[in-house]
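Worksheet: one structure, shown below.
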Number of protein chains: 2
Amino acid sequence: MYTVSTSNHRYHHGNLRQALVDAALALMVETGGTDFSLREAARRVGVTVNASYRHFRNKDALMVAIAAEGFRRFGRALMEGALEADDPQGRLLGSGRAYVRFARANPSLFRLMFSSFNVGRQEEELTLAGNQAFDVLKSGLATFLDKPADSPDVAVAALRAWSLAHGLSYLILDGQLAHLPLDEDTLIERVISNHAG
Amino acid sequence: MYTVSTSNHRYHHGNLRQALVDAALALMVETGGTDFSLREAARRVGVTVNASYRHFRNKDALMVAIAAEGFRRFGRALMEGALEADDPQGRLLGSGRAYVRFARANPSLFRLMFSSFNVGRQEEELTLAGNQAFDVLKSGLATFLDKPADSPDVAVAALRAWSLAHGLSYLILDGQLAHLPLDEDTLIERVISNHAG
DNA sequence: CCGTCATGTGTACAATGTTCACATTGATCC
DNA sequence: GGATCAATGTGAACATTGTACACATGACGG
């Protein structure tokens, strides 16, 4: 997952920061929720809680780091999804599918990413990673609409696509699709692609 | 907000359950986040923490109760939004606007509602309130499409509308609309109504 | 070799969620 | 009307958590 230092430090860990991120993420996955214990994460890594304060100002800072890591993976997933097709529309649909796929595969991380956005809005790492993910969608839409990326039309279309994928992902995570008459994948496909009614 | 018992109980509160819900909600609003302290809520109500355990199994149960209360208000807001117009399409747009309006007006509550959905999925009160809110959208779409409410087409259309409003609301709460070239209300209007660029 | 700075440990503290034993209330039945 | 009893409150206690402060240890450049 991350490169460990070569020597066998008894005292110094080597890459505690990333190790804490990974441990906390693992804890979240086990719980299924978006919460974790700082102490427990440190315990897993084999280190005292206080050691983590050398790498994060407080627990919120660690959560922001996790969210940022999530957004980086997220952006990558969106790009790879876009590469599944060759035409602009296909690429757009590909990112949409990748969006939902990511949310389903990493529910806790996905939730944390978007719930810690207000907490750590001032944190540069987070906003940067978040904007980069959004840019994937925007540039895809710009080429699809054949208009400049900063035009209002592109903004509106991107926002609509983003909203659609985002809302759909959340509804799936909340189990809101279970009651519906079609199976999940068919629903996702029909919702994302634009064949209205 | 809620009817208090007539007599001046020194010991018995009268409607502690609802009072705790209100206090916790107020705390969330003050913090801006979705978290609160059970003890602090009890303190506000003028009661010991332990008293709350007569009305809620634990803190999560209180959160679920808050979320359910939120979904009831939410459902009402959607209905009122639909009543702003007379034609089916106008009603649909009305609920969409009401959806986003509710999220902006009650950000903490909105977040809690959808983040506690997995925690308290087994809780009947919550799922009931949630489904009722969703039914408002579904019935509106059924009359709009003039098809039976349980048809796949209605399901897909409802899911798409719900996703759109939901995602847009979340993106607004996350402050993702600040960077965009149009002002928020114009964006919302253009995203919700279907004039694809 | 030795300072010095980053990185770790130990101790301490207030706050929180939760539990258990006990107190108080108010309705119900004789 | 007074005893009974379930509903509803209090009080003390405990483990866990996030955080702060003083100190230990290690790596490394002069």
Side-chain angles (χ1 to χ4, degrees), chain A residues 2-28 30-31 33-67 112 115-116 119-120 123, chain B residues 2-28 30-31 33-67 112 115-116 119-120 123:
Chain A
Y2 56 93
T3 53
V4 178
S5 163
T6 58
S7 53
N8 236 2
H9 306 110
R10 260 205 330 272
Y11 211 94
H12 283 17
H13 183 277
N15 200 347
L16 184 52
R17 183 187 164 94
Q18 185 63 35
L20 282 174
V21 168
D22 291 348
L25 195 46
L27 276 175
M28 286 173 41
E30 290 176 24
T31 318
T34 166
D35 215 23
F36 64 91
S37 156
L38 190 57
R39 292 181 110 108
E40 176 70 20
R43 240 172 268 141
R44 295 254 179 133
V45 176
V47 102
T48 321
V49 210
N50 316 280
S52 53
Y53 282 86
R54 298 292 169 187
H55 301 269
F56 302 99
R57 193 165 3 94
N58 50 27
K59 186 184 174 183
D60 276 350
L62 174 50
M63 296 181 67
V64 166
I66 298 175
L112 179 71
S115 67
S116 67
V119 166
E123 310 284 340
Chain B
Y2 55 91
T3 53
V4 178
S5 165
T6 58
S7 53
N8 236 2
H9 306 107
R10 262 203 330 271
Y11 210 93
H12 285 14
H13 183 277
N15 201 348
L16 185 52
R17 183 187 164 94
Q18 184 63 34
L20 282 174
V21 168
D22 292 346
L25 194 45
L27 276 175
M28 285 173 43
E30 290 176 25
T31 318
T34 167
D35 215 23
F36 64 91
S37 156
L38 190 57
R39 292 181 111 107
E40 176 70 19
R43 240 173 268 141
R44 295 254 179 135
V45 176
V47 102
T48 322
V49 211
N50 317 280
S52 54
Y53 282 86
R54 298 292 168 186
H55 301 269
F56 302 100
R57 194 168 0 97
N58 50 28
K59 187 184 175 182
D60 276 350
L62 174 51
M63 297 180 66
V64 166
I66 298 175
L112 178 71
S115 68
S116 68
V119 166
E123 309 285 340

query = For the pair made of CZ in A/F36 and P in D/dG18, what is the distance, rounded to whole Å?
reply = 8 Å

ask   = How long is the line joining CZ of A/R39 and P of C/dG10, in whole Å?
value = 13 Å

inquiry  = OP1 or OP2 of D/dG9 versus the side-chain N and O atoms of B/R17: is any pair under 4.0 Å?
reply    = no

ask   = What residues in residues 50-58 of chain B put a non-hydrogen atom under 4.0 Å from any atom of DNA chain D?
value = B/N50, B/A51, B/R54, B/H55

ask   = Say you draw a straight line from CG of B/L20 to CG of B/N15; how long is it, rounded to the nearest 0.5 Å?
value = 9.5 Å

inquiry  = Expressed as a whole number of angstroms, how long is the span from B/E40:CD to C/dG17:C1'?
reply    = 15 Å

request  = With rounding to the nearest 0.5 Å, note down the distance linking CG in A/D35 to CG in B/D35.
outcome  = 7.5 Å

remark   = B/R43 atom CZ is separated from D/dG11 atom C1', nearest whole Å, by 15 Å

query = In whole angstroms, how far is the P atom of C/dT16 from the CZ atom of B/R44?
reply = 12 Å

query = Which atoms form the tightest heavy-atom contact between A/S115 and A/T34, and what is the distance?
reply = OG-OG1, 4.3 Å

key: Residue-phosphate contact under 4.0 Å: A/S37 side-chain N/O, D/dG18 OP1/OP2   = yes

inquiry  = Quick check for you: to the nearest 0.5 Å, what is the distance between A/E123 atom CD and A/M63 atom CE?
reply    = 12.5 Å

Nearest-Å distance for atom pair CG/P, residues B/D35 and C/dA15 = 17 Å

ask   = To the nearest Å, how far apart are B/L16 CG and D/dT10 C1'?
value = 13 Å

note = Which of D/dT10, C/dT18, C/dT9 is nearest the side chain of B/L38? It is C/dT18

request  = Take atom CG of B/L62 and atom C1' of C/dT16, then tell me their distance rounded to the nearest Å.
outcome  = 14 Å

note = One should read off an interatomic distance between B/L27 CG and B/D22 CG, to the nearest 0.5 angstrom, of 11.0 Å

note = Closest non-hydrogen contact found for B/F56 with B/A65 is CE2-CB, 3.7 Å

message = Using only atom types and a distance under 3.5 Å, with no angle test, would you say the side chain of B/T48 pairs donor to acceptor with the backbone of B/N50?
response = no

